[in-house]
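In what follows, every heavy atom counts, from backbone to side chain, and hydrogens, waters and symmetry copies are set aside.
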Amino acid sequence: MCDSLFPVWRQTVFQSKQSIDIIMELRNFFNTKTLCIAMAAMSMTIVSCSDNDDKGTVPPPTPPAPEEKYAIEVEEGMTLPEDEFLKVPAVAGDQQIVNALKSIDKVTDVKPFEQTTGYDDKTQKAITKTAYYFNYKQDIDHNNPSKGWFKQQCVLSVAGQDRPTLLHTNGYALADKNRLQNLVPLALESVLDANCLHVEYRYNGWSLPEGYTNRWNYLSAKQQAADLHAIVTAIKQSGVVGKNSKWLASGVSKDGMTTAHYAYFYPNEMDAYVPFCAPFLLDLLDKRPFSYILSKAAYNGNQEVVDKVKAAYRAYVGNKELQAECVKIYKTIKPEYASSADEDIRFFLLNSLFSNYYSKMSYVPYKKWEYMIPKAGDPAVNFYDFIMADADTKYKENNLSGLYSSRRAQAVTRHDPYDVQACIDLGSYSFVLDWVEDLLSDAEKKYLLKGYIQATYGVTYDKGKFVSEFLEGMKQSTCHMMFVYGMQDPWTGGQIPDDKMGKNSRKLIIQRPYDESEAGLHNDAISTWSQSERNELFTWLNQLGFATK
C-alpha cells in the first residue's frame, strides 16, 4: 500500500522544502506503516488546500494559452513574399508523431502534409508520403540568447522508429519558391530508407532572425551549425525519431558545405557525414573552380574538347564584328531591349559566355552540348546559341536561338542571403581570363572580374579566415566523413585538399560515363553512378552500421 501511495505523495508533498522537513521529522518518531498513513493524510491535506477555492469548490481547468503572435519585420520599400506554406493542406498524420513534436518546448505550428517524393511513370501519378512541417524557436544569436528568438522552418518525414535519421543540412530556403510541394528528398533518404529532418538555413525562406530586411548581423556558418545542434538535440530527446538509432548528415552544394561545417563544429553529433559537391573557397575571387573546367580532368582526360572550347572563346572574344552580330540577334529575339545600348548588351553577352559555360558544366553532360561548340568562321547565330545555352536549355533543338530569356531585376530589394554570406565567411569564385587576356580590353577585364562587392551588402569579408580554420580543423577531426565530388562539376576545383582530411575521412570522385547520364555532375544522383562507385559509398556506410538498399 505504501508503494501505491508514494507517487501521489511525491508529486504533492515534495513540491516544498518545508513538507520534506516535516516528513523527515515524522520518520524519526513513527515506524514505516505509521509513516505511510501520515504521508497519505498529508498528501490529501495539501491537495485539498491547494486545489479548492475559498468556497470549497474546484475551479474550472485553465484554458490553454493562445498561440504566440509572431510578426515578421519588413524593411521599408520591400514586399514580403506570400507564405506558400500556409496554402499546403493539412492531413491527419500520425497522432503519436504530432504529439511527440508538440511536446518539444520550442516547437510550434506542427502540420502534417503530403510530400511529393517522385513520379510513377506507369501509373502517371505522383508518389507521396506524409511529412510533418513545424517551426523551431531558434536563438537569434547563440552567443547571446537574450537577443530573442525567431522561427526556423523544418520538415520531418518518418520511415520508422528503428530506421536511421538523415539530417538534410539545407544551405538555402527549405523548398524552392517556398512551396512544400517542391521539397526535394536526398538520394540517401531512399538508399537508407531513412527518416529525414530538413532544416532551413537562417536568413533564407521564412527563417528570418532579423525579419525581411537587409540586416545580416547573425548570418554565419557557425550560427547555422548551432541551429542544427539545437534542433537535433531536441528531436533526439523527444524520441519522435532517432533516439536509439543511427544519424547521418548530408546535403548537396551549399547544403553540403553546411554538412561539413556542422561536422567541424559538432564532430560527434552524427554517426556519419556525407557532403556532396561541397567547395571550400579561399577568397572572394577563388580561381580554382573555373580553372578546373578548363582542364582535361573535367572531361575525363579528353583534351580535344578542352581545345575546342578554348578556340571558340578566342574566336568570339577577339572578334568585335562577330560580337556586334550577336548583339543584333539578341535585340531581334528580345525586342523589348531594342533601345538598349549595344555596348551594354555586348558586355552582357560577354559575361554570359563565361557564366553559362559554368552552368553547362555544372548540370549538363558535355556530350549533350559538345556538338554546339562553334568554330572560327561559323555564322554568328552558332556563337550566340553556344553563348546563351545554359543548364535549362533544350539541347538538340532546331531553333535554339528562340529559347533564351534574359535576366531581370528582382521585384524586391532584399539581397540574396547566399551572395551576402559569400562576403562574410564562405568566399566565391572568379572567371579565369589568362587564356584570352590578350584579346580583352581593360574595361572588359574589370567587368568580368568584378565579383561580389562587400560594400553592396554592408558586411565585411573575413579574407578566408573561417574556411582556413575549417580546413585545419577537418585535418584534426576524427569524425566519419565521405566527401563526394563530380568529375565534370566546376566546384570540384574547390574540393577539400587531400592533406586536409582527417584519419576517418574519405573522398569519392564520380567519373563521367559516356552514356550522357547525370553521374559526375553537381548533384547526388547515386542511381546513375557506376556499380563500383556505389559499392564504395555503400560499403563505407555498412561499416558504420547503416544498412543500404
*asked:* I need the minimum non-hydrogen distance between Ala272 and Phe546, along with the two atoms involved.
replied: CB-CE1, 3.9 Å
*For Trp206 against Pro81, the heavy-atom pair lying closest together*: CZ2-O, 3.0 Å
*asked:* I'd like to know if Arg215 and Glu73 make a salt bridge, using a cut-off of under 4.0 Å between side-chain N and carboxylate O.
replied: yes
*Just do the side chain to side chain donor-acceptor pair (under 3.5 Å) check on Gln421 and Tyr201 with the steps written out, would you?*
CA-CA 11 Å; Gln421 195 172 3; Tyr201 206 103; 2.8 Å; yes
*Using the ring of each side chain (for Trp, its six-membered ring), is Tyr133 parallel, tilted or perpendicular to Phe85, with breaks at 30° and 60°?*
parallel
*Under a 4.5 Å cut-off applied to non-hydrogen side-chain atoms, are Tyr218 and Phe150 in contact?*
no
*Measure the spacing between NZ of Lys147 and CD1 of Ile140 and express it to the nearest 0.5 Å.*
8.5 Å
*With side chain to side chain contact (heavy atoms under 4.5 Å, CB included) as the test, would you mind laying out the steps for Asn143 and Gln223 before giving the verdict?*
CA-CA 9 Å; Asn143 298 317; Gln223 290 280 4; 3.8 Å; yes
*SG/Cys154 to CG/Asn135 distance, rounded to the nearest 0.5 angstrom?*
7.0 Å
*Determine, step by step, whether Ser157 and Glu189 satisfy the side chain to side chain donor-acceptor pair (under 3.5 Å) criterion, reporting the C-alpha distance in whole Å, the side-chain angles of both residues, the deciding distance to 0.1 Å, and the verdict.*
CA-CA 10 Å; Ser157 62; Glu189 184 177 347; 3.2 Å; yes
*N/O donor-acceptor pair under 3.5 Å between Arg534 side chain and Trp529 backbone*: yes
_Can you confirm whether more than 12 heavy atoms, excluding those of Lys500, are under 6.0 Å from its NZ atom?_
yes
*Electrostatic pair Lys549:Asp193 at N-O distance under 4.0 angstrom*: no
*Kindly indicate, with the supporting measurements, whether the criterion side chain to side chain contact (heavy atoms under 4.5 Å, CB included) is fulfilled by Asp255 and Leu186.*
CA-CA 11 Å; Asp255 301 2; Leu186 289 171; 5.7 Å; no
*asked:* Does Lys243 have more than 12 heavy atoms from other residues, nucleotides or ligands lying within 6.0 Å of its NZ?
replied: no
*Within a strict 4.5 Å, meaning less than it, do heavy atoms of the Arg414 and Glu75 side chains meet?*
no
_Pair Asp489-Ser362, side chain to side chain contact (heavy atoms under 4.5 Å, CB included): steps then yes or no_ = CA-CA 5 Å; Asp489 181 18; Ser362 296; 4.2 Å; yes
*asked:* When you measure from the centre of the six-membered ring of Tyr172, is the NZ or CZ of Lys254 closer than 6.0 Å and no more than 45° off the axis?
replied: yes
*For the residue pair Pro112 and Gly93, what are the closest heavy atoms and their distance?*
CB-CA, 3.9 Å
_From CA spacing to verdict: side chain to side chain contact (heavy atoms under 4.5 Å, CB included), His261, Gln224_ = CA-CA 9 Å; His261 300 155; Gln224 178 66 17; over 6 Å; no
*Return the orientation label for the Tyr266 and Tyr262 ring planes: parallel under 30°, perpendicular over 60°, tilted otherwise.*
tilted
*Partner of Leu248 by side chain to side chain contact (heavy atoms under 4.5 Å, CB included), out of Val274, Leu544, Asp271*: Val274
*Examine the side chains of His522 and Ser253 and answer whether a donor and an acceptor come within less than 3.5 Å of each other.*
yes
*How close do Asp425 and Val467 get, heavy atom to heavy atom, and via which atoms?*
O-CG2, 3.5 Å
_Is the shortest side-chain heavy-atom distance between Leu167 and Tyr273 below 4.5 Å?_
no
*Drop me the distance from Tyr136's OH to Gln153's CD, to the nearest 0.5 angstrom.*
15.5 Å
*State whether the number of non-hydrogen atoms from other residues, nucleotides or ligands found under 6.0 Å of Gln454 atom CD is greater than 12.*
yes
_Where Pro209 and Ser207 come nearest, the two heavy atoms and their spacing_ = CD-O, 3.3 Å
*Examine the side chains of Tyr264 and Glu469 and answer whether a donor and an acceptor come within less than 3.5 Å of each other.*
no
*asked:* Would you say that more than 12 heavy atoms from the other residues, nucleotides or ligands in this model lie under 6.0 Å from the NZ of Lys129, or not?
replied: yes
_Side chain to side chain, Asp94 and Tyr132, heavy atoms closer than 4.5 Å_ = yes
*Taking the side chain as every heavy atom from C-beta outward, state whether Ile509 and Gln495 have any atom pair closer than 4.5 Å.*
yes
*asked:* A side-chain contact here means heavy atoms from C-beta on lying under 4.5 Å apart; do Leu426 and Leu281 qualify?
replied: no
*Of the options Ile127, Val88, Leu183, which is the one that meets Gln115 in a side chain to side chain contact (heavy atoms under 4.5 Å, CB included)?*
Leu183
*Could you give the distance from NE2 (His480) to NZ (Lys503), rounded to the nearest 0.5 Å?*
9.0 Å
*Does His415 offer a backbone N or O that forms a donor-acceptor pair with the side chain of Asn214 under 3.5 Å?*
yes
*Is there a donor in the side chain of Ser238 and an acceptor in the side chain of Ser103, or the other way round, less than 3.5 Å apart?*
no
*Side-chain (Asn195) to main-chain (Gly160) donor-acceptor, under 3.5 angstrom*: yes
*How long is the span from the CG atom in Leu208 to the CG atom in Leu80, to the nearest 0.5 Å?*
7.5 Å
*asked:* Is the ring pair Phe483/Phe280 parallel, tilted or perpendicular, if the boundaries are 30 and 60 degrees?
replied: perpendicular
*Once the angle between the rings of Trp491 and Tyr429 is folded into 0 to 90°, is it parallel (under 30°), tilted (30 to 60°) or perpendicular (over 60°)?*
perpendicular
_Can you tell me how far apart NE2 (His168) and CG (Leu228) are? Round to the nearest 0.5 Å._
11.0 Å
*Which atom names give the shortest non-hydrogen contact between Ala260 and Phe470, and what distance separates them?*
O-CE1, 3.4 Å
*Is there a side-chain contact between Val199 and Asp227, using heavy atoms and a 4.5 Å cut-off?*
no
_Residues, nucleotides or ligands: over 12 heavy atoms within 6.0 Å of Lys236 NZ_ = yes
*asked:* Within the 4.5 Å heavy-atom criterion, are Thr165 and Ile235 side-chain neighbours or not?
replied: no
